[in-house]
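We number each residue from 1, following the sequence as shown. What you see is a predicted model, and the numbers here were worked out from it, not measured in a lab.
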Amino acid sequence: MLEPMDLDLAGRRVVVTGAASGIGAACARAFAAEGAEVAGIDRSPGGTVTHRADLTVEDEVRSALDSAAASLGGVDAVVACAGISGPFGRGIEHIGLDEWNAVLAVNVTGTFLTAKHALPYLRRSASPAMVLLASDSSFVAAPGMVPYNASKGAVLQLARALSVDLAPDGVRVNCVCPSVVDTPMSRADLGVADVGFSDVGFPVQSPEEVARHVLYLASPVSRPVNGHALVSDFGYLARSSFPA
C-alpha cells in the first residue's frame with residue numbers, strides 16, 4: 001500500500017530568484033511551509049527577499065548566490081523565477097533595441113547566470129535540482145509580446161540544454177510553463193491592476209498553484225523527471241483547431 005506523498009522538502013536548502021512578489025514569493029513561502037530552508041534573491045526588497053541582486057549583473061549574481069549558500073550551509077535546489085514582460089501590445093517596428101535587450105537580459109541572461117553560479121553548490125548536494133520558470137509562451141505566441149515570447153522560448157531550451165549537460169553531475173533541470181498567472185505584472189499588462197481577473201473571459205491560475213508544480217519538480221520524489229516542461233494552461237495546448 002502506498003504511503004501518503006511526502007515531498008521530502010524538510011531541511012532542503014532552496015534558493016529562489018524573483019522572490020519579491022508573484023510566483024517567486026509564492027514559491028519561497030511554499031518551500032518554507034514544507035520545512036525547507038529558503039533564501040530569496042531579488043533586486044527589489046520584499047517579504048521573502050533575503051539577498052539583493054540585479055540578476056543581469058554577473059558579479060551581483062555570483063555574490064548573492066555565494067551569500068545565500070553560506071547562509072543556508074549549501075544549496076540543494078534553485079528556482080529561477082525572476083522575469084519581466086517588457087513591451088506589451090506593440091508590434092516589432094515599435095520596439096526599441098534597448099527594450100528587447102532588457103527583456104532578454106532579465107529573462108534569459110539572468111536565468112543563465114543563476115544556473116552558472118548555483119552549479120558549484122548544487123554539485124555538492126545529494127539530490128540537486130533546478131527549476132526554471134518558462135511560460136506557455138514558450139510554445140505559443142501572444143500578439144504584441146515579441147521580446148517576451150522569444151525570451152520564454154529561450155528559457156525552455158535552456159532548461160533542456162542544461163538537463164543534458166548537467167546529467168553527469170546528477171543535477172536535474174526542469175521548467176514550469178504556466179499560462180496567465182494572477183501576479184502584479186500580469187495585472188498591469190492586461191489592464192486589471194485595480195479590479196483583478198474575476199470578470200475576464202479566460203482561465204487564470206494563482207501563484208500558489210504554480211508553486212506546487214515547482215515544489216514537486218524541486219523535490220527528490222521527482223528524481224526520474226529531467227529536461228521536462230510542465231505546462232499548466234488548462235489544456236489549451238492540447239486542443240485541436242479542428243472546428244468541432
Rounded to the nearest 0.5 Å, how far does CG of L162 lie from NZ of K116? 12.5 Å

Is R29 salt-bridged to E208, going by a charged N under 4.0 Å from an acidic O? yes

What one should report as the nearest heavy-atom pair of H213 and S232 is NE2-CB, 3.6 Å

I'd like to know if V15 and L217 are part of one continuous hydrophobic network [Ile/Leu/Val/Met/Phe/Trp/Tyr, side-chain heavy atoms within less than 4.5 Å]. no

Cluster link M145 to V192, ILVMFWY, side chain under 4.5 Å: yes

Heavy atoms, side chains only, cut-off 4.5 Å: are V61 and F112 in contact? no

Just do the side chain to side chain donor-acceptor pair (under 3.5 Å) check on N107 and S151 with the steps written out, would you? CA-CA 6 Å; N107 295 2; S151 73; 3.0 Å; yes

Hits for side chain to side chain contact (heavy atoms under 4.5 Å, CB included) against D66, two or more places apart or cross-chain, chain-then-number order -> R62, Y121

Which pair of heavy atoms, one from P207 and one from V181, lies closest together, and at what distance? N-CG1, 3.6 Å

With hydrophobic residues grouped by side-chain heavy-atom distances under 4.5 Å, do V195 and V204 end up in a single group? yes

Is there a donor-acceptor contact under 3.5 Å from the side chain of S219 to the main chain of L7? yes

Side chain to side chain contact (heavy atoms under 4.5 Å, CB included), that's the test. Do T48 and V38 meet it? Break it down for me. CA-CA 9 Å; T48 64; V38 184; over 6 Å; no

For T109, check side chain to side chain contact (heavy atoms under 4.5 Å, CB included) against everything at least two apart and list the hits. L113

Atom of F242, atom of S240 and distance for their closest heavy-atom approach: N-OG, 2.9 Å

Heavy-atom pair with the smallest gap, counting every atom of V108 and A154: CG2-CB, 3.8 Å

Within the 4.5 Å heavy-atom criterion, are L133 and V210 side-chain neighbours or not? yes

Run through L65, I41, D54 and flag the one making a side-chain contact (heavy atoms from CB on, under 4.5 Å) with E60. D54

Restricting to non-hydrogen atoms, name the atom on G227 and the atom on S163 that form the minimum distance, rounded to 0.1 Å. CA-OG, 3.3 Å

Applying side chain to side chain contact (heavy atoms under 4.5 Å, CB included), can you list everything that pairs with E34, at least two apart in sequence or on another chain? L9, L215

Shortest non-hydrogen contact from G24 toward V16: O-CG1, 3.5 Å

Identify each donor-acceptor pair in which a side-chain atom of residues 72-93 lies under 3.5 Å from a protein atom, sequence neighbours left out, and give them as a table.
unit_1 : atom_1 : unit_2 : atom_2 : d
D76    : OD1    : R13    : NH2    : 2.9
D76    : OD1    : S125   : OG     : 2.7
D76    : OD2    : R13    : N      : 2.9
D76    : OD2    : R13    : NE     : 2.9
S85    : OG     : D189   : OD1    : 3.2
S85    : OG     : D189   : OD2    : 2.8
R90    : NH1    : H94    : O      : 2.9
R90    : NH1    : E99    : OE1    : 3.1
R90    : NH1    : E99    : OE2    : 3.1
R90    : NH2    : E99    : OE2    : 2.8

Contact between R12 and P220 at the side-chain level, heavy atoms closer than 4.5 Å - yes or no? yes

Under 3.5 Å, is there a donor-acceptor pair between the side chain of S67 and the main chain of A64? no

Kindly say whether G40 contributes a backbone atom to a donor-acceptor pair with the side chain of T50 at under 3.5 angstrom? yes

Quick one: CG on D8 to OG on S127, what's the gap to the nearest 0.5 Å? 8.0 Å

Where the side chain of D182 meets the backbone of F197, is there a donor-acceptor pair that is under 3.5 Å apart? no

Test of understanding: with salt bridge (charged side-chain N to carboxylate O under 4.0 Å, His left out), list the residues that count as partners of R223, not counting sequence neighbours. none

With side chain to side chain donor-acceptor pair (under 3.5 Å) as the criterion, how do R172 and S222 come out once you've worked through the C-alpha distance, each side chain's angles and the decisive distance to 0.1 Å? CA-CA 9 Å; R172 296 185 301 112; S222 63; 3.1 Å; yes

To the nearest 0.5 Å, what is the distance between CD (E58) and NE2 (H117)? 3.5 Å

More than 12 non-hydrogen atoms from neighbouring residues, nucleotides or ligands closer than 6.0 Å to CZ on R187, yes or no? yes

From S137 atom OG to K152 atom NZ, the distance as rounded to the nearest 0.5 Å: 8.5 Å

I'd like to know if L132 and V214 are part of one continuous hydrophobic network [Ile/Leu/Val/Met/Phe/Trp/Tyr, side-chain heavy atoms within less than 4.5 Å]. no

CA sep, side-chain torsions, deciding dist, call: N101, D98, side chain to side chain contact (heavy atoms under 4.5 Å, CB included): CA-CA 5 Å; N101 286 340; D98 58 336; 5.7 Å; no

With side chain to side chain contact (heavy atoms under 4.5 Å, CB included) as the criterion, how do L104 and W100 come out once you've worked through the C-alpha distance, each side chain's angles and the decisive distance to 0.1 Å? CA-CA 6 Å; L104 268 68; W100 166 269; 3.8 Å; yes

With rounding to the nearest 0.5 Å, note down the distance linking CE in M130 to CG in N226. 10.5 Å

Using a 4.5 Å cut-off on heavy atoms from C-beta on, say whether the side chain of Y236 contacts that of V231. no

For A20, side chain to side chain contact (heavy atoms under 4.5 Å, CB included) partners two or more places apart: D42, S44, V49

Within one Ile-Leu-Val-Met-Phe-Trp-Tyr cluster: L166 and V225, side-chain cutoff 4.5 Å: no

Side chains of S179 and Q205: is there a donor and an acceptor less than 3.5 Å apart? yes

Check for a donor-acceptor pair, side chain of R43 on one end and backbone N or O of A53 on the other, with a separation under 3.5 Å. no

L156 CG to D136 CG distance, which is reported to the nearest 0.5 Å: 11.5 Å

Applying side chain to side chain contact (heavy atoms under 4.5 Å, CB included), run through L230 and N174 and close with a yes or a no. CA-CA 8 Å; L230 194 164; N174 294 288; over 6 Å; no

